[in-house]
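Everything below concerns the one structure shown next.
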Amino acid sequence: MTLKRVILGILTAIAIALVGLSLLASWNQPQIQSRLELYQTNLLLHASEWQGENNQSANLSSARNNIVGADPLNTALTQYQEARDSTRKTLETTQAQVKQIQPAIASKSEDNTLNFAPNKAASESINQQSVLLNELDLRFGILQASSGKTEAAIQTWTNLVERYKTKSDDDSSVVTAQVLTGIWSNPAQLLPDAEPRIQKSLDGWFRYRALAQLYKLQERSQELVALQAAEQVMAQQAVEKLAIIVGVPAIALFMGTVLLVGLTVQWLLQRQQLDTAGSGPLLARNASLTWDVPWDGEIVWQVLVVGFFFVGQILIPYLLLPVSLAVLKLNPATFDPRDKAFYIFATYLLLSAGGLSVLYFSVKSFLPLPEGWFRVNLRGNWFLWGFGGYFVALPLVVLVSLINQQFWQGQGGSNPILPIVLEGRDNVALAVFFGTAAIAAPVFEEIVFRGFLLPSLTRYLPVWGAITASAFLFAVAHLSVSEILPLATLGAVLGFVYTRSRNLLAPMLLHSLWNSGTLLSLFLLGGGAS
């Protein structure tokens with residue numbers, strides 16, 4: 001065994017351990033999908049308040065009625081109840097795990113420094129879940145009060161306060177719960193700092209409802225009229241945003257389903273007419289045409305382990321970035337959304353440069369490469385393959401995601417960029433995130449997974465096997481256990497598009513469209529719910 005293989009073996013073990021730990025860490029983390037549902041619910045609540053005017057478009061009014069539904073308050077109550085139950089269950093599970101782990105760790109060592117890291121991580125997770133549960137309780141109570149269930153709302157807020165009866169009353173959620181209890185009680189009990197507490201702790205529709213109740217009790221008619229006018233502006237914008245968020249994907253989903261059915265029928269009728277030279281039925285083109293692979297599996301192993309996992313998971317996050325930040329005296333924990341966007345963009349450029357450098361030097365000795373490798377051709381039908389692949393991917397990924405969601409029940413983690421985009425309100429930050437997710441990521445990931453890995457695997461696997469294996473590794477590389485099946489489905493479509501088009505621009509376009517659509521939806525949901 002050569003020294004090179006020994007080093008690769010060690011790096012492989014480290015990479016597998018780090019990837020495994022990352023996937024394990026995402027096991028009990030909330031999915032972004034759960035938060036997206038709540039943000040969309042908040043937008044629906046805004047839209048439900050829109051009354052329109054005589055000169056408003058009839059189409060917009062009709063869209064509002066179709067989007068909001070017959071009983072938006074009851075829908076919101078159901079969504080928030082499910083979110084509260086899920087968060088409470090996760091919190092209780094995490095607390096139980098901590099109680100089981102702590103004695104075991106303490107019995108093995110009297111040195112508290114050994115259990116500091118797991119204790120800190122568990123403590124942070126419990127704190128985050130507690131804060132989320134408090135926020136959900138505040139909002140759920142307002143929904144109950146707005147539905148005429150005032151006693152139930154007061155009980156919800158009272159239970160929140162009771163959970164913290166041994167802690168300081170300065171806790172923001174506790175004081176806000178007391179403020180809400182006071183303004184919905186009969187008789188009302190107004191706290192002196194009620195308005196600033198509501199402004200600070202609540203946002204969107206929930207802030208409007210609480211302020212409206214407060215202004216009515218204080219008989220501040222002028223402020224109430226101004227609040228209602230501002231709410232109407234926000235409500236109309238919510239209708240317009242929901243028309244984009246719900247309408248556009250629905251149209252794309254319908255088109256994708258029709259296209260998928262049509263292509264499947266074509267394949268069933270013409271599967272006997274396979275033409276590996278590229279002139280047969282659409283789905284059969286290049287179906288079995290493999291690449292001429294001049295290197296063996298060791299080069300593939302080297303590029304993946306060193307170029308992708310070692311550079312991305314070890315070298316940059318644990319060596320280069322900490323040193324660079326120490327020299328510049330920067331602390332990522334203090335970054336605002338714009339700083340985070342530039343930080344993530346710079347990190348991804350470093351990762352891409354490192355990975356592509358390893359790829360280049362790994363295949364340098366085999367240059368010039370056989371025909372068909374890393375092919376980028378502005379001519380041809382790559383544009384149609386990219387767009388067609390996007391529409392076909394939609395129903396497939398949505399179907400797999402719905403099934404996957406039933407298994408994970410809102411847990412399993414998500415891409416850490418997504419919550420930052422969802423909660424951000426900065427157009428510059430969004431533009432930088434777009435550069436990362438819709439340009440840099442498609443270029444780098446398609447070169448590695450479709451341009452290099454998939455063709456390389458055809459030396460050992462049939463084309464369909466290479467597509468499957470590369471799609472699975474593509475999904476695992478995103479380090480969220482609950483996203484493996486949906487991302488593997490997307491990766492399979494990307495691989496299919498590449499093997500048929502034989503042009504890297506096609507999967508790059510598909511990948512870019514997918515990420516762009518995700519970013520746009522997150523931005524509209526986040527901005528519309530505030």
Side-chain angles (χ1 to χ4, degrees), residues 1-27 117-118 121 291 293-326 332 343-344 346-367 369 373-374 413 415-416 436 440-441 443-461 465-466 468-481 483-484 487-488 491 495:
M1 182 178 292
T2 65
L3 178 61
K4 176 184 174 182
R5 291 187 177 180
V6 172
I7 294 174
L8 281 176
I10 294 172
L11 292 179
T12 300
I14 295 173
I16 292 174
L18 288 175
V19 170
L21 289 174
S22 296
L23 292 174
L24 187 62
S26 70
W27 191 276
W291 280 259
V293 184
W295 47 76
D296 58 17
E298 186 173 320
I299 296 296
V300 181
W301 180 21
Q302 175 178 303
V303 171
L304 279 184
V305 172
V306 180
F308 194 86
F309 289 104
F310 175 73
V311 171
Q313 301 298 317
I314 301 174
L315 183 63
I316 291 177
Y318 291 108
L319 297 176
L320 291 182
L321 283 181
V323 172
S324 301
L325 293 173
Y343 175 73
I344 291 171
T347 302
Y348 202 88
L349 288 182
L350 281 174
L351 185 153
S352 301
L356 293 178
S357 296
V358 173
L359 172 59
Y360 172 74
F361 287 109
S362 297
V363 302
K364 183 179 178 181
S365 60
F366 301 97
L367 296 178
L369 298 178
W373 280 93
F374 305 105
N415 190 317
T436 304
V443 170
F444 173 60
E445 293 177 11
E446 293 313 305
I447 289 175
V448 172
F449 289 99
R450 255 62 62 178
F452 172 77
L453 178 61
L454 192 161
S456 298
L457 292 176
T458 60
R459 176 169 176 165
Y460 305 98
L461 300 170
T468 303
S470 61
F472 176 75
L473 289 172
F474 168 75
V476 170
H478 286 77
L479 304 179
S480 293
V481 67
E483 293 183 343
I484 288 179
L487 286 176

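If you read the sequence from its start, that first residue is 1, and numbering goes on from there.
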Next item on the list: To the nearest 0.5 Å, tell me how far Thr468 OG1 sits from Leu454 CG.
Entry: 9.0 Å

Checklist line | Non-neighbouring partners of Phe361 that pass ring pair (Phe, Tyr, Trp, His ring centres under 6.0 Å), sequence neighbours left out | finding: none

Next item on the list: Please name all residues satisfying side-chain hydrogen bond (donor to acceptor under 3.5 Å, both in side chains) with Thr436, sequence neighbours left out, ordered by chain then number.
Entry: none

Check: What pairs with Leu453 under side-chain contact (heavy atoms from CB on, under 4.5 Å), at least two apart in sequence or on another chain?
Finding: Val300, Leu304, Phe449, Leu457, Ser470, Leu473

Check: Pairs in or reaching into residues 294-317: which pass salt bridge (Lys or Arg N to Asp or Glu O under 4.0 Å), with residues at least two apart or in two chains?
Finding: Lys4-Glu298, Arg5-Glu298

Item checked: Distance-minimising heavy-atom pair for Phe472 and Ile484 -> CE1-CG2, 4.2 Å

Notebook entry, point to check: Can you name the residues that form a side-chain contact (heavy atoms from CB on, under 4.5 Å) with Ala488, not counting sequence neighbours?
Noted result: Ala475

Notebook entry, point to check: What pairs meet the salt bridge (Lys or Arg N to Asp or Glu O under 4.0 Å) rule with one or both residues in residues 447-458, with sequence neighbours excluded?
Noted result: Glu446-Arg450

Check: Looking only at heavy atoms, what is the nearest atom pair of Gly491 and Ala471, with distance?
Finding: C-CB, 3.5 Å

Next item on the list: Mind listing the closest non-hydrogen atom pair of Ala466 and Thr458 along with its distance?
Entry: CB-CG2, 3.8 Å

Margin query: Could you work out, with side-chain contact (heavy atoms from CB on, under 4.5 Å) as the rule, every residue matching Tyr343, not counting sequence neighbours?
Written below: Leu321, Leu325, Pro332, Phe335, Thr347

Next item on the list: Taking all non-hydrogen atoms of both residues into account, name the closest pair between Val293 and Pro455 and its distance.
Entry: CG2-O, 3.3 Å

Next item on the list: Please examine the side chains of Ile16 and Phe309, heavy atoms only from C-beta on, and report whether any two atoms are closer than 4.5 Å.
Entry: no

Item checked: Spacing of CG belonging to Leu18 relative to CZ belonging to Phe310, to within rounding of 0.5 Å -> 10.5 Å

Next item on the list: Could you list the residues that satisfy side-chain contact (heavy atoms from CB on, under 4.5 Å) with Leu21, not counting sequence neighbours?
Entry: none

Next item on the list: Kindly give the heavy-atom pair with the smallest separation between Val448 and Phe308, and that separation in Å.
Entry: CG1-CD1, 4.3 Å

Check: Side-chain contact, heavy-atom cut-off 4.5 Å: Leu351 with Phe444?
Finding: yes

Notebook entry, point to check: Among pairs that include at least one residue of residues 303-312, which meet salt bridge (Lys or Arg N to Asp or Glu O under 4.0 Å), considering only residues two or more places apart or in two chains?
Noted result: none

Checklist line | Set of residues satisfying side-chain hydrogen bond (donor to acceptor under 3.5 Å, both in side chains) with respect to Trp301, sequence neighbours excluded | finding: Thr12

Check: How are the rings of Phe452 and Trp373 set to each other: parallel, tilted or perpendicular (split at 30° and 60°)?
Finding: tilted

Checklist line | Summary of side chain to side chain donor-acceptor pair (under 3.5 Å) pairs that have at least one residue in residues 352-367, sequence neighbours excluded | finding: Gln302-Ser362

Check: Which atoms form the tightest heavy-atom contact between Val358 and Val303, and what is the distance?
Finding: CG1-CA, 4.4 Å

Next item on the list: Could I get the full list of side-chain hydrogen bond (donor to acceptor under 3.5 Å, both in side chains) partners for Ser456, not counting sequence neighbours?
Entry: Trp295

